[in-house]
Amino acid sequence: MRPAGVGAARYPDHVSSDYSARHLSVLEGLEAVRKRPGMYIGSTDSRGLMHCLWEVIDNSVDEALAGHGDEIGVTLHADGSVEVSDVARGIPVDVEPKTGLTGVEVVFTKLHAGGKFGSGSYAASGGLHGVGASVVNALSERLDVQVDRGGKTYAMSFHRGEPGVFDDSRGIGPDAPFAPFTSGSELRVVGKVKKGVTGTRVRYWADRQIFTKDAAFSTGDLVNRARQTAFLVPGLGLTITDARPASIAAAAQRAALAVSTAGAGASGTTADATDGTGTDGPATDTAPALAVEQGPVVERFRYEGGIGEFVEHLAVDGAKTDVWRIQGSGTFKETVPMLDDKGHMVSTEVERTCEVDVALRWGDGYETVFRSFVNIIATPKGGTHQAGFESGLVKAVRAQVEANARKLKVGQDKLEKDDVLAGLTAVLTVRLPEPQFEGQTKEILGTPAVRRIVDSVVAKRMTEILTSTQRTEKAQAAVVLEKVVAEMKTRISARAHKETQRRKNALENSSLPTKLADCRSNDVDGTELFIVEGDSALGTAKLARNSEYQALLPIRGKILNVQKASVSDMLSNAECASIIQVIGAGSGRTFELDQARYGKIIIMSDADVDGAHIRTLLLTLFFRYMRPMIEQGRVFAAVPPLHRVVVVNRGKPNDTLYTYSEQELTTLLKKLERSNKKYLEPIQRYKGLGEMDADQLAETTMDRAHRTLRRVNVSDAESAAKVFELLMGNDVAPRKEFILAGEGLDRERIDA
């Protein structure tokens, strides 16, 4: 009887009698992984599948960190397998004396075994548990490893963790006939390499008995992780190749798309939902397809600037300071079990060194962008190093604010952590041997002593910067202190006036703009605020709305471009201030979603270029100062029609049809001609909402039973922020390049 999960059906009949205790000893540890995969990779969906890939990649990155090799390649093959290659030292191929197995077999079949447990192979690595390669092997239907070392290429294959040989005469894949080793394993020599050439290549097929059917490798996550690693290891080159047919087709489609003049698409948002019981929304026009090469999608990353360049990449706002670099180290002692000469585990006190490297800068925004890493392994949930960074930073800034309290007009108020972190973009990395993570997924650092070391390094260096007499640093330090004090005052002011932002107080004080046509209902979830373009549209909309739950707020033309303007300029702008006041939930860091007075915000602008521009400006305002409204799916764009076609019927009332694009109109007219149906000419072309009758506006745009709304959402806030900055920011050069790159746009699609 074979162990569960080995896949007995694929063993050739002639080897059944040779099944021996060797198979049990090989699979003893790995079977635990197969039975409880969640303990090792977190889950068996796409997240767990990606975690396995990170484990293999991190092994190669650890080699680069140790100074061996500067190239790593990752290939997603069309057959569902993934391959990771490097030009590092290569996995040892000699026999490990304690187990009698080659280094390759030890690494891929033994839990808690590898070079990261000793004191000489890796000074600092992402792995502590020593289960990375072996866990991936256990959860793979097939895994092939090749090692270039000593002028030869060695190879070994595994089937669900057990070493053996696949018969690839009919093609390489997990379904090829497999024969396990019986008396002993063989590390085969399959080729020769030039002297001095070393490296490792690992290719594996994830086991679909373990992972869910919809689990898939995410190219976006892989590219982001590769870019991140390239920033963290200066000089390391990473190449991502995606040869999967679906990814190639998607890349070709993206390359063929031009930017639509529809405001939602131009502002980093997408249309993804219809409203009520109405019909689906109009199809979005796309640019003509461009000729693109149907080859693998390749992304390559290499950066020399390290985490300083990483901070500039992450920043989503304009800079108020240069990127400041904080570096230092500290030592601590801890007691760990270590193997003695006899192979026994003995508790030993060792001295560790923790190296700290931080890059940070403040911008003119209010959001915090923070990334933390331990030995280049991301720790998205923080840990002791992040706690030390925050306490050291707050300590240094608070001391300088108190020292300059009179100049900054602070009074008796105290800074809080959020005041200091507002507008901060920072990357924190620590390197230390054998870090203690909370769980194999390594999302939280648990080594206690690291907090004290990071706190000390950050507090000391930040104090030096904030008290510097050097001209540039002194000026920027003053800007930082003024900014954090302003954030503190904003927070205190918002707290003091919180109740005045509520709907009840706003109505009692009659402080809402007089141009607001409010609704009668107090049920926030069921109410809607239409932001309409101009007074002419307001007049029609008043007659078309349901005043029980639909409110109207007119704006005059194009509001302020808040991407370029300061916060004070935004608040002093009448239109922006009215919108924020009417919604009643505050703005920026003080925005509180549960205080919003309406369940839906609907932007209702004309279906032309000017209307799209107004919609984009409004979305910019929401994105920068009321982003939770977008993130919660409460901001919509109305979809008014472009044309009204009256179809003539004999003996019964005429039919009225609406179209939303020139293409849709052309298709409709051709369909009517084929059906020998006549329509009244000229066809009405709406130049604005004010040209529509109230009944027409209600039927097409405002009535819940018939209208279509385009929900605005932000699937990736960081990417969207960069699009906002490109299209609406102060830097002209990138925008010019973007416009020039769109020279292939179809001029017929431009509504002018």
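Only this structure's heavy atoms are used, side chains among them; waters, hydrogens and symmetry mates stay out.
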Rounded distance [0.5 Å steps], CG in Leu143 versus CG in Asn137: 5.0 Å
Check: Val480 and Thr321 side chains under 4.5 Å, non-hydrogen atoms: yes
Flag, side chain of Thr198 to backbone of Ala88, donor-acceptor distance under 3.5 Å: yes
Does any N or O in the side chain of Thr239 come within less than 3.5 Å of the main-chain N or O of Arg300, such that one atom is a donor and the other an acceptor? no
Please round to the nearest 0.5 Å and tell me the distance separating atom CG of Leu428 and atom CD1 of Ile307. 8.0 Å
Arg431 with Glu355: basic N within carboxylate O range, under 4.0 Å: no
Rounded to the nearest 0.5 Å, the CD atom of Glu63 sits from the CG atom of Leu236 at a distance of 12.0 Å
Checking side-chain polar atoms at under 3.5 Å, does Asp455 have a donor or acceptor matched by the opposite partner on Ser391? yes
Would you call Phe217 and Ser46 a side-chain contact if the rule is heavy atoms closer than 4.5 Å? no
Any Lys/Arg nitrogen of Glu96 or Lys110 sitting under 4.0 Å from an Asp/Glu carboxylate oxygen of the other? no
Heavy-atom nearest pair, Phe373 first then Ala378, reads CD2-CA, 3.5 Å
Arg398 side-chain N/O to Leu415 backbone N/O, donor-acceptor pair under 3.5 Å: yes
Could you check if a side-chain atom of Val358 sits within less than 4.5 angstrom of a side-chain atom of Phe389, using non-hydrogen atoms only? yes
Would you call Arg201-Asp86 a salt bridge at under 4.0 Å N-O? no
Ion pair Glu312/Arg361, N-O distance below 4.0 Å: no
Phe211 to Gly48 - nearest heavy-atom pair and separation: CE2-C, 3.9 Å
Would you call Asp79-Arg203 a salt bridge at under 4.0 Å N-O? yes
Is a donor on one side and an acceptor on the other found under 3.5 Å between the side chain of Asn224 and the backbone of Gly220? yes
Can you see which heavy atom on Cys354 is nearest to which on Phe332, and at what distance? CB-CE2, 4.1 Å
Sequence neighbours left out, what passes ring pair (Phe, Tyr, Trp, His ring centres under 6.0 Å) with Phe622? Give chain and number order. none
Can you list the steps and then say if Asp207 with Ser140 is a side-chain hydrogen bond (donor to acceptor under 3.5 Å, both in side chains)? CA-CA 5 Å; Asp207 193 348; Ser140 298; over 6 Å; no
Using distance alone, with no hydrogens and no angle criterion, decide if His51 and Glu55 have a side-chain donor and acceptor under 3.5 Å apart. yes
salt_bridge(Glu367, Arg624) N-O dist < 4.0 Å: no
Heavy-atom closest pair, residues Phe301 and Ala230: CB-CB, 3.8 Å
How many angstroms lie between atom CG of Leu314 and atom CD of Gln228, to the nearest 0.5 angstrom? 8.5 Å
Counting only N and O atoms by type, is there a donor-acceptor contact under 3.5 Å from the side chain of Asp45 to the main-chain atoms of Ala215? no
Could you give me the CA-CA distance, side-chain angles and deciding distance for Phe108 and Ser134, then say whether side chain to side chain contact (heavy atoms under 4.5 Å, CB included) is met? CA-CA 4 Å; Phe108 283 95; Ser134 54; 5.8 Å; no
Could you check whether any side-chain heavy atom of Val356 comes within less than 4.5 Å of a side-chain heavy atom of Ser329, counting everything from C-beta outward? no
Roughly how far, to the nearest 0.5 Å, is CG of Leu432 from CD1 of Ile453? 8.0 Å
Just checking, is any N or O donor in the side chain of Ser372 or Thr379 under 3.5 Å from an acceptor N or O on the other one? yes
Closest heavy-atom contact between Val323 and Ala359? CG1-CB, 4.0 Å
Stacked cation flag Arg225 on Trp54, 6.0 angstrom / 45 deg: yes
Look at Arg142 together with Asp144 and state whether they make a salt bridge at an N to O cut-off of under 4.0 Å. yes
Around atom CZ of Arg451, are there more than 12 heavy atoms from other residues, nucleotides or ligands closer than 6.0 Å? no
Could you check Val82 against Thr75 for side chain to side chain contact (heavy atoms under 4.5 Å, CB included), going step by step and ending with a plain yes or no? CA-CA 6 Å; Val82 61; Thr75 302; over 6 Å; no
Residue pair Glu334, Glu349: steps toward the side chain to side chain contact (heavy atoms under 4.5 Å, CB included) verdict: CA-CA 6 Å; Glu334 65 177 349; Glu349 185 178 74; over 6 Å; no
How far apart are the C-alpha atoms of Ile376 and Leu65, what are their side-chain angles, what is the distance that settles it, and do they pass the side chain to side chain contact (heavy atoms under 4.5 Å, CB included) test? CA-CA 9 Å; Ile376 69 88; Leu65 275 174; 3.7 Å; yes
Taking C-beta and beyond as the side chain, do Met629 and Phe591 meet within less than 4.5 Å on heavy atoms? yes
Salt bridge (Lys or Arg N to Asp or Glu O under 4.0 Å) between Arg302 and Glu309: does it pass, once the steps are laid out? CA-CA 11 Å; Arg302 184 193 295 269; Glu309 196 171 348; over 6 Å; no
For Tyr303, all residues meeting ring pair (Phe, Tyr, Trp, His ring centres under 6.0 Å), sequence neighbours excluded: Phe231
Side chain proximity check, Phe158 to Val145, heavy atoms < 4.5 angstrom: yes
Distance-minimising heavy-atom pair for Gly383 and Ile444: CA-CG2, 3.8 Å
Ionic contact status for Glu351 with Lys333, cut-off 4.0 Å: no
Is a salt bridge present between Lys483 and Glu487, judged by a nitrogen-to-oxygen distance below 4.0 Å? yes
Tell me if a side-chain donor or acceptor on Ser81 pairs with a main-chain N or O of Trp205 at a distance below 3.5 Å. no
Verify, without hydrogens or angle tests, whether Arg149 (side chain) and Gly90 (backbone) share a donor-acceptor contact under 3.5 angstrom. yes
Just wondering, do Pro448 and Val450 contact through their side chains at under 4.5 Å, heavy atoms? no
Are side-chain heavy atoms of Leu360 and Leu424 found at a separation under 4.5 Å? yes
Among side-chain atoms of Arg244 and Thr219, is any donor-acceptor pair under 3.5 angstrom? yes
Measuring from atom OH of Tyr366 to atom CG of Asp419, what distance do you get when rounded to the nearest 0.5 angstrom? 15.0 Å
